[in-house]
Number of protein chains: 2
Amino acid sequence: MGEKPTRDHIVEAADRLFYENGYEHTSFAHIADSVQISRGNFYYHFKSKDEILDAVIALRLANTQRMLDRWEQDAASPLERLRRFIDMLIVNQAPILRYGCPVGTLCTELAKLDHAGKEQANALFTLFRTWLKRQFVALGRKSDADALAMHLLGRSQGVATLANALGDKRFLRREVRQLHAWLEQDMASPG
Amino acid sequence: MGEKPTRDHIVEAADRLFYENGYEHTSFAHIADSVQISRGNFYYHFKSKDEILDAVIALRLANTQRMLDRWEQDAASPLERLRRFIDMLIVNQAPILRYGCPVGTLCTELAKLDHAGKEQANALFTLFRTWLKRQFVALGRKSDADALAMHLLGRSQGVATLANALGDKRFLRREVRQLHAWLEQDMASPG
DNA sequence: GTCTATACTGAGATAGAC
DNA sequence: GTCTATCTCAGTATAGAC
């Protein structure tokens, strides 16, 4: 205990660098520098760059699942949980303005690269989608729960993408307020 | 007349390849193959890859401006023009599902690369933003015209990003219907 | 204006010593 | 498990013939 394995250091560094600089733009040299190990040592832990991407996505899936579980515990009502989701845009405002949404930007990049890891990255979206859907079902919106989940996911993506491109913090906060308003209003009238 | 200059062929090929495969992922070899010229010839027309990006963005700016002018002429009312904007998602549905929004994905990529051309690419967003704002002003929404323009821009981005990631055509069409409904409803009640 | 040939760089990846 | 050294390949870019 106490010392974290080198492998974990690599995955965490790659996670951050892939987010900040993109997957393709991040080289082994960048990661090695960040972790303070040699380039050669690298291949003891991973056979290829694709394998690191797999590990990074697995890490993100685990971290996301943990976050959703925490929300499920901490927030008493489904409505309160949905508010947590929306407020992610505020909590992560600084990185979103600089680098966009970690999920959206990765999926966008992998789609262009026609990369095999694309499907895995989409699972991150599915994780949120399923969780959101469950909250809407709990609110009595069984028939359109999935559509509502996708709508909220899409709105968040749009906010992140545009706020990132234009570096517009006020836009981000304004849209978050509107999303909260939409939530209140929409949950008052059953679909 | 009749023969298009090689330079224009290069820019058009680069435009398409940057969209389909991303800027960084597109090499000179790809472009050269597509235009059927040698790699060397390339440098007679452009000094660097950055210069090609500049030319591609300039082309997109010109094409976008032309499209907006056409909408301005063809559509009689501001409301009808805004509908044209929303319907872009339908008209370009196939490429959006495969490659996302040309503006959004380019800005996202350049932001991660911390590329100098980022500001130029953002001008594409500004072009739409200004045009949309003008339509909302014409509808009597002077005070919040820019916020409405940004909102519509953000919603479109979200639809494109998520539809592209998940390859979900039904989601795209459902969201377009909701955007039309939002437009009708929101323009009925002044902000 | 277009070509071939080539220089130079950085990337992913391997071999083998320690 | 970690290192150094090295290979191979693709990418950008240049030189110079035609």
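Just so it is clear, the model here is predicted, and its values are computed rather than measured. Per chain, numbering begins at 1; letters A, B, ... match sequence-line order.
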Whole-Å distance, B/Asp8 CG to C/dG1 C1', equals 15 Å

Under 3.5 Å, which donor-acceptor pairs do the side chains of residues 29-37 of chain B form with other protein atoms, sequence neighbours left out?
residue: B/His30; atom: ND1; partner: B/Ser27; partner atom: N; Å: 3.1
residue: B/His30; atom: ND1; partner: B/Ser27; partner atom: OG; Å: 3.3
residue: B/Ser34; atom: OG; partner: B/Arg16; partner atom: NH2; Å: 2.9

Exercise answer: donor-acceptor pairs, residues 62-70 of chain B side-chain atoms, under 3.5 Å, sequence neighbours excluded:
residue: B/Asn63; atom: OD1; partner: B/Arg66; partner atom: NH2; Å: 2.4
residue: B/Thr64; atom: OG1; partner: B/Arg60; partner atom: O; Å: 2.6
residue: B/Gln65; atom: NE2; partner: B/Asp69; partner atom: OD1; Å: 3.1

Contacts of A/Phe46 meeting ring pair (Phe, Tyr, Trp, His ring centres under 6.0 Å) (sequence neighbours excluded), chain-then-number -> none

Could you list the donor-acceptor pairs under 3.5 angstrom formed between side-chain atoms of residues 94-106 of chain B and any protein atom two or more places apart in sequence or on another chain?
residue: B/Thr105; atom: OG1; partner: A/Lys112; partner atom: NZ; Å: 3.2
residue: B/Thr105; atom: OG1; partner: B/Cys101; partner atom: O; Å: 2.7

So, with a heavy-atom separation below 4.0 Å from DNA chain C, the residues of residues 11-20 of chain B are none

Assess, by modelled atom type and distance only, whether the side chains of B/Glu80 and B/Trp71 contain a donor and an acceptor separated by less than 3.5 Å.
no

B/Tyr44 atom OH is separated from D/dA15 atom P, nearest whole Å, by 17 Å

B/Asp33 CG to D/dG11 P, in whole Å, measures 10 Å

Contact string for nucleotides 11-18 of chain C, one letter per nucleotide 5' to 3', B = base within protein heavy-atom range under 4.0 Å, S = sugar-phosphate only, - = neither, reads SSBB----

From CZ of B/Phe42 across to P of C/dT6 the rounded distance in Å is 22 Å

Query raised in the report: Between the side chains of A/Arg155 and A/Gln178, is a donor N or O closer than 3.5 angstrom to an acceptor N or O?
Result: no

B/Asn21 CG to D/dG11 P, in whole Å, measures 12 Å

Next item on the list: Kindly determine whether A/Arg81 and A/Asp74 satisfy salt bridge (Lys or Arg N to Asp or Glu O under 4.0 Å), including the steps that lead there.
Entry: CA-CA 8 Å; A/Arg81 287 175 197 142; A/Asp74 293 1; over 6 Å; no

Stepwise, does the salt bridge (Lys or Arg N to Asp or Glu O under 4.0 Å) test hold for A/Glu175 with A/Arg170? CA-CA 9 Å; A/Glu175 289 289 321; A/Arg170 291 185 60 225; over 6 Å; no

